[in-house]
Amino acid sequence: MTMRRLYLARHGAADAFGELTDIGRRQSGLLGERLAGVPVDAVWHSPLPRAAASARELARHLPDVPVAEAAELADHVPHVPGAAETPPSWAGFFDGYDENEAASGRRLAEALVARFAKPPGTSMERARPGTHEVLVTHAYPIAWLVRHALDAPPSRWLGLNSANTALTVIEYRDGLPPTLVMFNDMSHLPPALRWTGFPEGTRP
């Protein structure tokens, strides 16, 4: 049985211009240290600078692992829910989204799932039972992949937030539904570096 394991991580903390901060670099390096013991086959990252810089930083701890951009990992709203399925606290968030923007987000979400949310193909170059891939992306694509793995309604991606460099792991195997192994795990970060990317005051 072949297996694909995705290690999903939101980029490190970034400034108002979308550039990785010193804290973001430290977070990314610590994530790289955590992943150093994993047989990683590839690191994929969003085209945005904060994700690309995070991927380069964590890859310093993964010698000889290829690092490449994947357009499907770009930050996007994967699904604009209808009024009946939108929680009141989110209603204003979608003001201004027209049908073209919503359709573009849907296409990107579909491409993300089609490329990554499945077991590896039968033409794997290595004679190994599975692949291990790191995806450095943003909170919304992670939420969408988690929602997809759980076969939840499309609007359920709302509220599934991820902290900067928190780790979410999903496994895909032939003939079985996806397995959510962990979500938003920050055990590789010291307390002072946890929960960035969440609203102020969210430090359980």
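Positions are given from 1, in the same order as the sequence printed here.
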Would you kindly confirm whether [X] and [Y] end up in one hydrophobic cluster when ILVMFWY residues are joined by side chain heavy atoms under 4.5 Å apart?
{"X": "V43", "Y": "L6", "value": "no"}
{"X": "W195", "Y": "L30", "value": "yes"}
{"X": "V65", "Y": "Y7", "value": "yes"}
{"X": "L58", "Y": "L167", "value": "yes"}
{"X": "I170", "Y": "F183", "value": "yes"}

**OP:** Among D15, D75, T21, find the residue that satisfies the side-chain contact (heavy atoms from CB on, under 4.5 Å) test when tested with R50.
**Re:**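 Single side-chain contact (heavy atoms from CB on, under 4.5 Å) partner of R50 among D15, D75, T21: D75.
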Original post:
Quick one: which of N184, N161, T196, L31 gives a side-chain contact (heavy atoms from CB on, under 4.5 Å) with R10?
Top reply: N161
Any side-chain heavy atom of [X] within less than 4.5 Å of one from [Y]?
{"X": "F116", "Y": "T137", "value": "no"}
{"X": "H45", "Y": "H11", "value": "no"}
{"X": "L193", "Y": "I23", "value": "yes"}
{"X": "H148", "Y": "W157", "value": "no"}
{"X": "F93", "Y": "V77", "value": "yes"}
{"X": "L108", "Y": "P141", "value": "no"}
{"X": "R34", "Y": "D185", "value": "yes"}
{"X": "H76", "Y": "Y140", "value": "no"}

Does a sphere of radius 6.0 Å around [atom1] in [X] hold more than 12 heavy atoms from other residues, nucleotides or ligands, not counting ones at 6.0 Å or beyond?
{"X": "D98", "atom1": "CG", "result": "yes"}
{"X": "R156", "atom1": "CZ", "result": "no"}
{"X": "R115", "atom1": "CZ", "result": "yes"}

Where [X] and [Y] come nearest, the two heavy atoms and their spacing:
{"X": "P119", "Y": "T2", "value": "CB-OG1, 4.3 Å"}
{"X": "F198", "Y": "S162", "value": "CE1-C, 3.4 Å"}
{"X": "F94", "Y": "P81", "value": "CZ-CD, 3.5 Å"}
{"X": "M186", "Y": "A163", "value": "SD-CB, 3.5 Å"}
{"X": "A102", "Y": "V80", "value": "CB-CG2, 3.9 Å"}
{"X": "S46", "Y": "H138", "value": "OG-NE2, 2.8 Å"}

What is the distance from atom [atom1] of [X] to atom [atom2] of [Y], rounded to the nearest 0.5 Å?
{"X": "L145", "Y": "L112", "atom1": "CG", "atom2": "CG", "result": "4.0 Å"}
{"X": "W144", "Y": "L158", "atom1": "CH2", "atom2": "CG", "result": "9.5 Å"}
{"X": "L150", "Y": "L160", "atom1": "CG", "atom2": "CG", "result": "8.0 Å"}
{"X": "R173", "Y": "T179", "atom1": "CZ", "atom2": "OG1", "result": "7.0 Å"}
{"X": "L135", "Y": "L73", "atom1": "CG", "atom2": "CG", "result": "4.5 Å"}
{"X": "R147", "Y": "I142", "atom1": "CZ", "atom2": "CD1", "result": "15.0 Å"}

Is a donor on one side and an acceptor on the other found under 3.5 Å between the side chain of [X] and the backbone of [Y]?
{"X": "R4", "Y": "Y172", "value": "no"}
{"X": "S54", "Y": "G12", "value": "yes"}
{"X": "S104", "Y": "N100", "value": "no"}
{"X": "R5", "Y": "V169", "value": "no"}
{"X": "Q27", "Y": "A13", "value": "yes"}

Original post:
Between D41 and T131, does any side-chain donor sit less than 3.5 Å from a side-chain acceptor?
Top reply: no
Original post:
Would V134 and V67 satisfy side chain to side chain contact (heavy atoms under 4.5 Å, CB included), going step by step from the backbone distance to the final call?
Top reply: CA-CA 9 Å; V134 177; V67 179; over 6 Å; no
